Amino acid sequence: MIIEIRVKTKSPLVIASSSSLGLSKEHVEIGGKPIIPGSAIKGALREHSNMLVHKYEAELNSLFGTAQNIGKLYFTKLKTSDERVYIEKHHNSIDKKTRIAIDKKLFNVRAIKPGVEFTGKIYSKKDLTNREMEALKLLAKLTVKLGAMKSRGYGFVDIEVKEKPKSEESIDLENLSNVMLISVEPIEPLMITSTKVKSYLYNSFNYIPGNVLRGAYASLLNPNKQEFKEIFLKEMVKFPNLYPSTKTSYYTLPATDFLLTEKYSADFTIYNALAEMVAVSLLNHKGYRLSIRAKSPEGKRLDRVSGWIKSDSFEIDQSKIKKHFSAQVALDNKLRSAKDGALRTYNASNPSQLSGVIRTEDINHLELLKQKWLTLGGSKTRGYGLVEIKSFTPMNFEVKKRIAEFNKKLKSLLAPEEFNSTFVPIIMRSDLIIGNAFCIESLLGKTYKLEYMQLRSAQTSGWNTASNSPKCFQNVIGAGSVLVYSTDKTPDDIEKDLKELYIKGLGRFTGSGFGEFIVGK
Amino acid sequence: MLFNNKAIEKLLKEDNPDFKIQDYSSSSWNTVEQKLSIMSYDVPSIKKYIFASNDFKAIVGASKALDKFDSTAKKVLEAEGAHVIITAGGTGLAICRISNKEKIEEKLKKSFTENVPGAKLIISFVDLPTKEIMNGLQDLCDYSPQSELIEKLNTQNKFSDLFQFLSVKLRENRNYALSEYSVIPPEIKRCEFCNQEPATIKLSSYEEEVEICEYCYKKHELGRKFIENNDNRMASGIDDIDIETNPSRKTKWYGVIYIDGNNLGQLYSRIKDEEDYKKKSEKIDYTVKNSLNKIISEFSLEKKYLAPILGGDDLLLFLPAALAFDVFNKLSSEIEKGFKELGIGFCASIAIIPKKLPIKFVFDISSILLKSAKKEAYKENPINPGNYIAFRTLYGNTLDPVNEIIYFSDSDILNNQLTVKEILGKGIKLEEFKKIIEELKKDKKDYTQLFQKTLSCIRDHPVVAKLNILYFLKRSKAFENLQLTPKDFIEKFQLLKTVNNELYETRIQTLLDILKTLNLKSEEMHEKVR
């Protein structure tokens, strides 16, 4: 359910930013534009809930949550389309006893001027009951002040809430296939950490891990249904890691070590050295003395590419990830002061868009994943982790063409005629958990021989919301690792094998994003 | 010859007492087919290993453990009769007899496990005919690479070709070590210092008891003993990194300087032989260590600093924030002098960090800043980059030292989109940075007032902002003293630099942050720290 919320300022409004630039108090902004954070709205509404508690106690607990239960409502930031919204005001502190201005206590405030309208959305996974909606509307009416310096005449506002039509809540699922490209756009910054830690400092990942995406979908479905068991417990749907990408037409993966570029250069020319690296390794084992050149043909120093690369072209994806730094403090309901030890600092991540590939053994399961928006990661009810699904489209998993291209190049480098097999380069898009049941040498089956590897190490863990306990901590093979196998199979058979493995995933915990790969070229 | 004639001759004689070489000429060595093994070792991700633990003493312990291993490795190798080229900074290179390989590997691994808790050691042996070891790799086949990215390792740079060949082999061995799998079940509590190993030991040396892993405990104990040792000159905790000793007068900040050489690869690619390699490596190492020793005594830094990374061209130095610029000025001049003789430069970063920020993040923050300095240096001259520095004060707990602020973004009356921005933590030419510091020191108060006023108008349309800045300049004593035209003054400090028709860049927040650091005195900071 989506509820629209409008806030109109009736006096100057300042919700202080954590980093004021030269001013004593400055209204919070994101990307140079003023906003009202979701946490500020939630806090203001909740503050007035005491006035309704005698009549709507159960509803208020359900809406805002308690120490034991998460609230139904997810507040997001409010934006304005109004231009030139600021007003700068100067104040001086007055001595309480002498009633005269205190020396050096002049301060200036950059606030939102009266008459500016902010709009945003409140999301709820389950529909609100009539009484819950009634309580929310009453709270909106009762809340007449927002932000800082309320006792100095700042923060008078009108708040209005309204239900949005149901049609805006789900995505179109017309063309379905076993391999679907999913793109999401964060509406709020992401606050995804590897584990739930006792800390005042939270530092988020720049991507959405598959297990977090899986958990977000799992929270929407009824765990007693057969489909739930198939999707999540039998891991028949593979939820991918969603990495930043600038467009919805492709997906990305972490840069790998075989892609080279000129060091510290603004020119993003890429040198794909996978075939060269494999050739050098194979030939050196036969007694040759070869190496990969450390300089580009123009004589500039080469370095490994970092960031995210496009899965189709291996070009660098230029998406910029903004970090959203903020501090929040819980207020004591009675004392109206900050609660001791309740200050949290968030280094959240704010990519403009993320994408990945959902794979499934049964396309009927996809019908259940039509929700238009999801909440992910930590601090969800405080204005973090809300994403909207922008596209969900079928895609092809390319095998034959890539293998042919790679083999053509590799064989041109392997001068001697000794290498007759077909080489199959596998690039891990996500971490690979081998565990004790699998072996890296026979990951593709016994008919494939491991010829070359370029591994990265990684660690993985997580938090199981269902059991409220940590997940295993594992040392795994990191995303971006490369494994090259050789086989005598025909291209058709290789394609069949790889497509099957692609749907299943490699290694363990494939339903949670692990073991996803692409074919190199 | 690439390596010491006598040392190689001695090794060959140990295997074959009848071995004789006519003379030490290249043609004589070319007849020696007998093989020797070149051993190289490496500790992968060494800096990450040092900063894996969120405990000051464990970081000191990890750093010292690696130092200790390098000297132990040298002894082990020498005891086994190997010819040691280098053992420093977690890497080593030696030539040994093939029959000794297994024993050397076993002993090195044993010593490593005993000395460096929780780290991985990668060892590689490459067997080569002595003629190739002494005269460089030979072209053993008729192969011409069909790719510009592949090179045959028999070029003019014989020593670096051999190095490159060894590093290819070392990387292959590293892969096998990385494929090892391990798991900690959820019911086992994880170490509160590193969060990566099972917590098995309770440590009660802090206010609260902490449960930590065996590795962090060993590192912590090593660090503790090192700090307690009377000979040690480093601080015993982050809180000691201050110009004040009285707890009530201490600031909440400390400074971190990170220095790293430019284009070392190019220097090493020109190395002729073992002697040249040793000479240049030692010169780099001596320059950095000697410069550090000079500033320690000149600024009385004993018990007030920490250098967790110190080796080769790398130096990571924690020091009192109030001394950051003065120390850096001296340190960089000393290093510049030494490096110039080798024909190399360096880049650096200075971060002013709140003491409460978890220490494990410090290395990452400094690395990002350093990369920002290098990016600008290479942008200006990709072949021979100059000396650059990036500076940032980290307010709050942000872990993002390079950050863009958009002060103004709007269209003008002609519908051109105009943007005024600042990149905090952007690289600046070292020379320019030093001049700015010198200038700001002259009148900190007036510059602070002027820049604060500039900041208050920087959010306006750039034309309006420029007009206001000119107005403030006319009333500034600092401007008057400098005797520059307003245009030159604005340019000198990059208050509002025109990049192109649509983009203006400023450095205003960075200038104010520099001034705040220059003003760092404990009594003032108590007022200012949020």
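In what follows, every chain begins at residue 1, and chains take the letters A, B, ... in the order their sequences are listed. Everything quoted here is computed from the prediction, not taken from an experiment. As a basis for the values below, the full set of heavy atoms in this structure was taken, side chains included, without hydrogen atoms, waters or symmetry mates.
Your options are A/I433, A/L432, A/N284, and the one with the most heavy-atom pairs under 4.5 Å with chain B is A/N284. Taking B/Q196, B/K379, B/K152, B/Q146 one by one and counting their heavy-atom pairs under 4.5 Å with chain A, the maximum is reached by B/Q196.
For a residue to count as touching a neighbouring chain, one of its non-hydrogen atoms must lie under 4.5 Å from one of that chain's; by this rule B/E172 touches chain A with the side chain only. Contacts between A/S296 and chain B at a heavy-atom distance below 4.5 Å are absent for every atom of the residue. Both the backbone and the side chain of A/E276 have a heavy atom closer than 4.5 Å to some heavy atom of chain B. In this structure, the portions of B/N263 lying under 4.5 Å from any heavy atom of chain A include both its backbone and its side chain. Both the backbone and the side chain of B/K371 come within less than 4.5 Å of a heavy atom of chain A. Residue B/L128 touches chain A through its side chain alone, counting heavy-atom pairs closer than 4.5 Å. Residue contact with chain A, scored on non-hydrogen atoms closer than 4.5 Å, involves the side chain of B/F361 exclusively.
A cation-pi contact, defined as under 6.0 Å to the ring centre and within 45° of the axis, links A/R110 to A/Y86.
With B/N262 contributing its side chain and B/G386 its backbone, the two residues share a donor-acceptor pair below 3.5 Å.
Evaluated for a side-chain hydrogen bond (donor to acceptor under 3.5 Å, both in side chains) with A/R289, the options B/Q138, B/Q164, B/E132, B/E151 yield exactly one hit, B/E132.
The structure places CG of A/L290 at 10.0 Å from CG of A/L413, a figure rounded to the nearest 0.5 Å. One distance of note links OH of B/Y143 with CD1 of B/I150; it measures 4.5 Å at 0.5 Å rounding.
Nearest heavy-atom pair, A/N350 versus A/I321, reported as atom, atom and distance to 0.1 Å: N-CG2, 4.2 Å.
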